[in-house]
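Note sheet for the following structure.
This chain uses plain numbering: 1 for the first residue, then up along the sequence.
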Amino acid sequence: QVQLVESGGGLVQAGGSLRLSCAASGRTFSSLSMGWFRQAPGKEREFVVAITWSGSSTYYANSVKDRFTISRDNAKNTVYLQMNSLRPEDTAVYFCAAADSGAYLTSARVYDYWGQGTQVTVSS
């Protein structure tokens, strides 16, 4: 089993920045691919960004490309999501997820473990 705990969410003005963290425990973190998804009120959960176990490959949704950056520190069992130039449409609950697979990381079905989520609110 893997436990994931997100932190770093909050309220920020449009154009601002936030950094989300996701701390993992219970398994060898360096063997897991990691992803971030988000869900806005009344909408389906959507893929945001993912990173393979080694960090050698990353995947971004078009809506966040060039604004968000995913990184991981395997020594700290933590994955980060740096969010810059935030927009009101980025408002959502952000979920961290872990997968044993290194493929199809843009699909929520690949992920085996999920965190509880952290709220990000961007005001206009």
Has the side chain of T118 got a donor or acceptor atom that lies under 3.5 Å from a matching backbone atom of E6?
no

Looking at A24 and F29, what are the two nearest heavy atoms and their distance?
CB-CD1, 3.5 Å

More than 12 non-hydrogen atoms from neighbouring residues, nucleotides or ligands closer than 6.0 Å to CD on Q119, yes or no?
yes

Path from L86 to W36 over hydrophobic side-chain contacts below 4.5 Å
yes

Should V79 and C96 count as side-chain neighbours, where that means a heavy-atom distance under 4.5 Å?
yes

Identify whether V64 and L105 are in the same connected component of the hydrophobic contact network (ILVMFWY, side-chain heavy atoms under 4.5 Å).
no

Honestly curious: do V93 and I70 fall in one hydrophobic cluster under the side-chain, below-4.5 Å linking rule?
no

All heavy atoms of Y94 vs all of M83, minimum pair found to be CE2-SD, 3.9 Å

Measure across L32 and V2 and return the closest heavy-atom pair with its distance rounded to 0.1 Å.
CD1-CG2, 3.9 Å

Identify whether Y111 and L4 are in the same connected component of the hydrophobic contact network (ILVMFWY, side-chain heavy atoms under 4.5 Å).
no

What closest approach, in Å, do V110 and Y104 show between heavy atoms, and which atom pair accounts for it?
CG2-O, 3.1 Å

Looking only at non-hydrogen atoms, find the nearest pair between M34 and A98 and report the distance.
SD-CB, 3.6 Å

Would F68 and I51 show up in the same hydrophobic cluster when neighbours are defined by side-chain heavy atoms closer than 4.5 Å?
yes

Side chains of residues 11-22: which donor-acceptor partners sit under 3.5 Å, not counting sequence neighbours?
from	atom 1	to	atom 2	distance (Å)
S17	OG	N84	OD1	2.9

Please confirm whether R72 makes a cation-pi placement over W53, using NZ or CZ under 6.0 Å from the six-membered ring centre and within 45° of the ring normal.
no

Find out whether F47 and S107 are in side-chain contact, i.e. whether some heavy atom of one side chain is under 4.5 Å from a heavy atom of the other.
no

Side chains of T91 and E89, donor plus acceptor under 3.5 Å
no

The reported gap from OG1 in T121 to CG in D90 (rounded to nearest 0.5 angstrom) is 11.0 Å

Taken to the nearest 0.5 Å, the spacing of D100 CG from S31 OG works out to 6.5 Å

Do we see a donor-acceptor contact under 3.5 Å between the side chains of S54 and S56?
yes

Return the minimal non-hydrogen interatomic distance between T78 and K76, and the atom names on each side.
OG1-O, 2.8 Å

List for me each residue that meets side chain to side chain donor-acceptor pair (under 3.5 Å) alongside E46, sequence neighbours excluded, and say none if there are none.
R38

To the nearest 0.5 Å, what is the distance between CG (D66) and OG (S85)?
9.5 Å

Sort and list the pairs that fulfil salt bridge (charged side-chain N to carboxylate O under 4.0 Å, His left out) and have at least one residue in residues 114-124, not counting sequence neighbours.
none

Is the centre of the W114 ring less than 6.0 Å from the centre of the F37 ring?
yes

For the pair R27 and Y113, evaluate side chain to side chain contact (heavy atoms under 4.5 Å, CB included) and give the outcome as yes or no after the intermediate values.
CA-CA 11 Å; R27 274 270 308 274; Y113 310 98; 3.6 Å; yes

Answer whether the closest heavy-atom distance between the side chains of T69 and Y80 falls below 4.5 Å.
no

